[in-house]
Number of protein chains: 2
Amino acid sequence: MSLVKKVIYLYSPSGAVRDRAAFKRGVRRLTELGYDVEVDQDALTRFERFAGDDATRIRAVERAANSGADVALITRGGYGITRVIDRLPYTSIASAIENGTQFVGISDFTALQLALFAQTGARTWAGPALCEGFGVGGVSGEIPDDIMEDCFADLLMGQGEGTGWRQDRNGHISETDFVIEDATLWGGNLTVLTSLIGTPYFPDIREGILFLEDVAEHPYRIERMLAQLMRSGVLARQQAIVLGQFSAYKLTSHDSGFGLPKVIGWLRNQLNIPVYTNLPYGHVPTKVLLPFGLKVDLTSSGKDVLLYWGHH
Amino acid sequence: MSLVKKVIYLYSPSGAVRDRAAFKRGVRRLTELGYDVEVDQDALTRFERFAGDDATRIRAVERAANSGADVALITRGGYGITRVIDRLPYTSIASAIENGTQFVGISDFTALQLALFAQTGARTWAGPALCEGFGVGGVSGEIPDDIMEDCFADLLMGQGEGTGWRQDRNGHISETDFVIEDATLWGGNLTVLTSLIGTPYFPDIREGILFLEDVAEHPYRIERMLAQLMRSGVLARQQAIVLGQFSAYKLTSHDSGFGLPKVIGWLRNQLNIPVYTNLPYGHVPTKVLLPFGLKVDLTSSGKDVLLYWGHH
């Protein structure tokens, strides 16, 4: 590691921090990892279910953009960005990114990522949030995930070059090696992404690679959202769909065999592009960091997939 | 009542019937009310969570359209229409409506109503489904709702002229009498309606009156959907929003005062048109029947609102 400590700026653009112990553990963990941590003045503010009222959260985003930190990291997701999406300081954020601040987040943060890219073309990172990433532990005894922490360190050291993984049985199995070059990687939380269709905050990305994840959404709802993305023409404009982790949903006896594999099969039947599965990204401990808006290459062979952006 | 019995055709375009006792009670109740009931051959079919596979449900809709019945009534909602929305027999349905068959339903049926109107301009009715409308009872001892049954009878007798109700405290209170004339009434289930934004199945209705209801959606999700409707330009093109019943959601301590009244207040602040509340329509026993796609008048005075279509 370099002798100059990297700076992480923590701020709360969405839901109020519910678990202060997780917040504290997260700050301690980042410090142990050798980072300098700066905490936004409203990181722990609460207004109703939000981390401060709308104006407060907008100012927090503005301060994150002006922080000069190496990484601006959200404390948690929840709900709150969609509400102020027409008033976020996109120019300040884009300018901060130009000057070396990387914006990292997940879940509700997807809305900021899409809107920012649509409005300015600036690139961000899909990755952890503080509390559920670095702040796990307490009575559960869980420790922060190695792979997530390594990817985060790679980002700060400028060493991340890509990510590879093995699909599950629902994935696109290439008979011969398959290569996609120079495709814009984009995506995030399926519910949040879908909630921007039809608005000026949904970027028009052609020939891209779209990655998706979600939490606590029943497969029939996942299918309905995929159908909206498909029928609004978004999926047909991509070169590949990459499904991450869809976690924490509950099936019932009424589903009678309907479930996520059926949804993926249905999607594959509707599309002429590969649908990959099992990307290590989502509301789960093990997640990689993904460059939203960057040109990447994808190669697949059998069940194995590699996303590569080291040359950009 | 006329001496010739009116005919109700029951079919299942969406989810499989879960409660066969409710189905039987519903059929018995419609018979007691003096209607002739015809049951589609696949009304009780199940495939996974659906009332038959996609082809089966499409054929059921086709048979409903060819039934010559006075009313084609869904057995229940659930999920299933969105999945086949690109393959429904819209011309047959429109032609059946032209020849006097009224299509009535709720919930997932909203998708058919929007798509049909977008594709053909044909008008349908937002109203009950068999099981949760006419089939209530059993151990609960509940009986079908009077107002719902009276509105249904009015539809069959050609006597429905409109509906009036009193708003709750969150409603738009007119200081002076307010009148909207000849506006297209449309709407339905908020989740289902929102899931068609950006697709060819979302009608472009200008200067309309949009009614919305939902069930088991947290207010923050209701707000996110309203935000999508607003930012895609749909709300600003209407003359009024009419909120029906939003039922069966659960708040938590984390909401800290956030709830549906806050969402309605937020919406009202965003819009320059009246937002009415408490329309007796939704996933609740007492619901009126509403003509989707018909030109209506709306008058409001204080907390009272009247929707009127008797002259059309």
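Numbered from 1 within each chain, the chains take letters A, B, ... in sequence-line order. Just so it is clear, the values below take in all heavy atoms, side chains as well, and ignore hydrogens, waters and symmetry mates.
- Annotation: side chain of B/E223 is in contact with side chain of A/Y79 (closest heavy-atom distance under 4.5 Å).
- Put simply, OG1 on A/T199 and CE on B/M230 are 10.5 Å apart, with the number rounded to the nearest 0.5 Å.
- With chain B as the partner, the residue from A/F202, A/Y220, A/F47 showing the most heavy-atom pairs under 4.5 Å is A/Y220.
- Around the CG atom of A/D204, the shell of radius 6.0 Å holds more than 12 heavy atoms that belong to other residues, nucleotides or ligands.
- For B/Y201, the part sitting under 4.5 Å from any heavy atom of chain A is the side chain, from C-beta outward, and nothing else.
- Taking OG1 from A/T82 and CZ from B/R221, the interatomic distance works out to 11.5 Å, rounded to the nearest 0.5 Å.
- In this structure, chain B has a heavy atom under 4.5 Å from the backbone of A/T194, while its side chain stays farther away.
- Using a 4.5 Å cut-off between heavy atoms, B/R83 contacts chain A through both its backbone and its side chain.
- Counting non-hydrogen atoms of other residues, nucleotides and ligands closer than 6.0 Å to CG of B/N269 gives a total above 12.
- Inter-residue side-chain proximity for B/D255 and A/E48 is flagged as unmet; no heavy-atom pair is nearer than 4.5 Å.
- With A/Q228 contributing its side chain and B/I197 its backbone, the two residues share a donor-acceptor pair below 3.5 Å.
- Heavy-atom proximity under 4.5 angstrom to chain A picks out B/R49, B/F50 from residues 49-62 of chain B.
- Between B/L196 and A/R231 the shortest side-chain heavy-atom distance does not fall below 4.5 Å.
- A 6.0 Å sphere centred on CZ of B/R20 holds no more than 12 heavy atoms belonging to other residues, nucleotides or ligands.
- Looking at B/A16, both its backbone and its side chain come within 4.5 Å of chain A, counting heavy atoms on both sides.
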| field | Test side chain to side chain contact (heavy atoms under 4.5 Å, CB included) applied to A/M225 and B/S195, step by step | value | CA-CA 7 Å; A/M225 291 188 276; B/S195 80; over 6 Å; no
